Visitor: 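Quick one: this structure, given as structure tokens, is what I'll be asking you about.
Just so you know, these numbers come straight off a predicted model, no measurement behind them.
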Amino acid sequence: MKTKKQTADFLHIGAKLLAWYKIHGRDLPFRKTKDPYKIWICEIIFQQTRIEQGLNHYENFIQRFPDVQTLANADNDEVLLYWKGLGYYSRALNLHHASQQIVNDFNGKFPKKYEDILKLKGVGKYTAAAISSICFNEKIPAVDGNFYRVLSRVFADDFDISDSKAFSYFSDLALMMMPEKNPGHYNEAMMDLGSEICKPKNPKCETCPLNFDCLAFNSGKVQDFPQKSKKVKITDLELEYFFVEFGKSFLIRQRKDDFIWKRLYEFPTEIPKSFEKYIGAQKTISHKLTHKNLTIHIYKVKLNSKREFQKFGEENGFLVSDFEDFHYKSFPKPLENYLNSLI
DNA sequence: AATTCGGGGAC
DNA sequence: GTCCCAGAATT
């Protein structure tokens, strides 16, 4: 149970944060709008993604799909194309699905209530809070990795951020500091502070607006926070592909959506025995994902019979692509790199 | 409650 | 090499 004095102290910290934000907040393109559609897109794009990495994707995506209707009417493949290289591709599939949810279930108008926004596929508690606070002035903390880090340091709190209860734990802390006005700015301020000042490594505590209040800083233990118990496990995975070509054409197909690289394009993973005599150059690619170390073997299969090429493609459901066409499809990064190396 | 899903940048 | 990033869905 918090006393009145403590609650006042919390609010004081939130006010400092907001004051800092007004001067030092980042000038980002999506900060100028309160269009829930645009904020939604930006929140999804920047999930687990650095601002610098996703900025161009955001601009291109908004330009091509400026509103919910455009996105809902778009081809699934084109949505994925605009997601090329961003990773976590189910985000794009969920985005497309949710746009059709808005058209069908919300009469084409972006929902305004937190509970409704939360119903959209791919929108969780963080994203619903971000949209609600920024666009509709709802006082809900958008607790993300930045909140975990900043709050655990300010209060020298050793609550394990990999605990599944961390979200609700830090939400309670964040809410106590949250000002009545400008909830969106408060949430954005915490993200900017976490990104620019209270960074995971080498935080700039000397210029931090909260350094007077920060218990970790004042006890010289900033590096001890946040506490995180869970470590990432990395497994090895080998993939084998056949680059089946005839002239300037080659065969591709779309992946299923039950594994990595959902719905992205790839090469055949097997060929008939009769093709083995055409196997030529082989390339081995190492590629790191967050939880996997991939080793990808790609074998060139250069056919000299157009009939065999087409027959194999048709019978196994492959598409014929070429070095112009593949730019208009979304490939996994290592396969895209491979294709570019052949040009 | 634990696992899975990318790619890139900082160190 | 390790860790983290405007997290969410699935098991």
Visitor: Mind listing the side-chain donor-acceptor pairs of residues 33-46 of chain A below 3.5 Å, one per line with the distance, residues two or more places apart or on another chain?
Guide:
unit_1	atom_1	unit_2	atom_2	d
T33(A)	OG1	D35(A)	N	2.9
D35(A)	OD1	Y37(A)	N	2.9
Y37(A)	OH	F65(A)	O	2.7
E43(A)	OE1	Y126(A)	OH	2.6

Visitor: Round to the nearest Å and state the distance from K292(A) atom NZ to dG1(C) atom C1'.
Guide: 19 Å

Visitor: Given F250(A), which partner from the list F243(A), Y338(A), Y241(A), F312(A) fulfils the ring-ring contact (aromatic ring centres under 6.0 Å, His included) test?
Guide: F243(A)

Visitor: Considering only atom P, compute the distance from dC11(B) to dA6(C) and round it to an integer number of Å.
Guide: 14 Å

Visitor: Residues of residues 221-239 of chain A with any non-hydrogen atom less than 4.0 angstrom from an atom of DNA chain B: list those, numerically ordered, please.
Guide: K230(A)

Visitor: In terms of hydrophobic clusters joined by side-chain contacts under 4.5 Å, are F136(A) and I134(A) together?
Guide: yes

Visitor: If you measure from the C1' atom in dC5(B) to the same atom in dC4(C), how many Å do you get, rounded?
Guide: 16 Å

Visitor: How does the hydrophobic cluster around V222(A) look, that is, which other residues are in it when side-chain heavy atoms under 4.5 Å mark a link?
Guide: F217(A)

Visitor: Select base, sugar-phosphate, or nothing to describe what D163(A) touches, counting heavy atoms under 4.0 Å on all strands.
Guide: nothing

Visitor: Specify the separation, in whole Å, of atom CG of L28(A) and atom C1' of dA6(C).
Guide: 10 Å

Visitor: Determine whether the side chains of D157(A) and Y169(A) contain a donor N or O and an acceptor N or O closer than 3.5 Å.
Guide: yes

Visitor: Whole Å only: how far is the CD atom of E196(A) from the C1' atom of dC5(C)?
Guide: 13 Å

Visitor: Could you check whether K333(A) pairs with E336(A) (Lys NZ or Arg NE/NH1/NH2 to Asp/Glu carboxylate O, under 4.0 Å)?
Guide: yes

Visitor: My understanding is that only one of H57(A), R91(A), E78(A) makes a side-chain contact (heavy atoms from CB on, under 4.5 Å) with W83(A); could you say which?
Guide: R91(A)

Visitor: Could you give the CD1-to-P distance, from I41(A) to dA6(C), as a whole number of Å?
Guide: 19 Å

Visitor: Please measure how far the P atom in dT11(C) lies from the corresponding atom in dG6(B), and state the result in whole Å.
Guide: 15 Å

Visitor: Provide a list of protein-nucleic acid N or O atom pairs under 3.5 angstrom, restricted to nucleotides 9-11 of chain C.
Guide:
unit_1	atom_1	unit_2	atom_2	d
dA9(C)	OP1	G122(A)	N	2.6

Visitor: According to ring pair (Phe, Tyr, Trp, His ring centres under 6.0 Å), who are the partners of H24(A), at least two apart in sequence or on a separate chain?
Guide: W20(A)

Visitor: Between L86(A) and L294(A), is there a shared hydrophobic cluster once you connect ILVMFWY residues whose side-chain heavy atoms come closer than 4.5 Å?
Guide: yes

Visitor: What is the distance, to the nearest angstrom, from the CG atom on L95(A) to the P atom on dG7(C)?
Guide: 15 Å

Visitor: In whole angstrom, give the distance that lies between atom CZ of R26(A) and atom P of dA6(C).
Guide: 7 Å

Visitor: Decide whether I140(A) and M191(A) are clustered together by the hydrophobic rule: side chain heavy atoms of Ile, Leu, Val, Met, Phe, Trp, Tyr closer than 4.5 Å, transitively.
Guide: no

Visitor: Side chain to side chain contact (heavy atoms under 4.5 Å, CB included), that's the test. Do L342(A) and K300(A) meet it? Break it down for me.
Guide: CA-CA 11 Å; L342(A) 295 180; K300(A) 266 195 181 184; 3.8 Å; yes

Visitor: I need the CG-P distance between L55(A) and dA6(C), as an integer number of Å.
Guide: 12 Å

Visitor: Keeping the roles fixed (side chain from Q254(A), backbone from R263(A)), state whether a donor-acceptor pair exists under 3.5 Å.
Guide: yes

Visitor: Considering only dC5(C), dA6(C), dA8(C), which nucleotide approaches the side chain of R149(A) most closely?
Guide: dC5(C)

Visitor: Nucleotide by nucleotide, 5' to 3', does protein get under 4.0 Å of the base (B), only the sugar-phosphate (S), or neither (-) in nucleotides 6-11 of chain B, counting heavy atoms?
Guide: BBBB-S

Visitor: Measure the distance from CZ on F170(A) to C1' on dA6(C) and round it to the nearest whole Å.
Guide: 17 Å

Visitor: Give R31(A) one of three labels, base, sugar-phosphate or nothing, depending on what nucleic acid heavy atoms sit under 4.0 Å from its own.
Guide: base

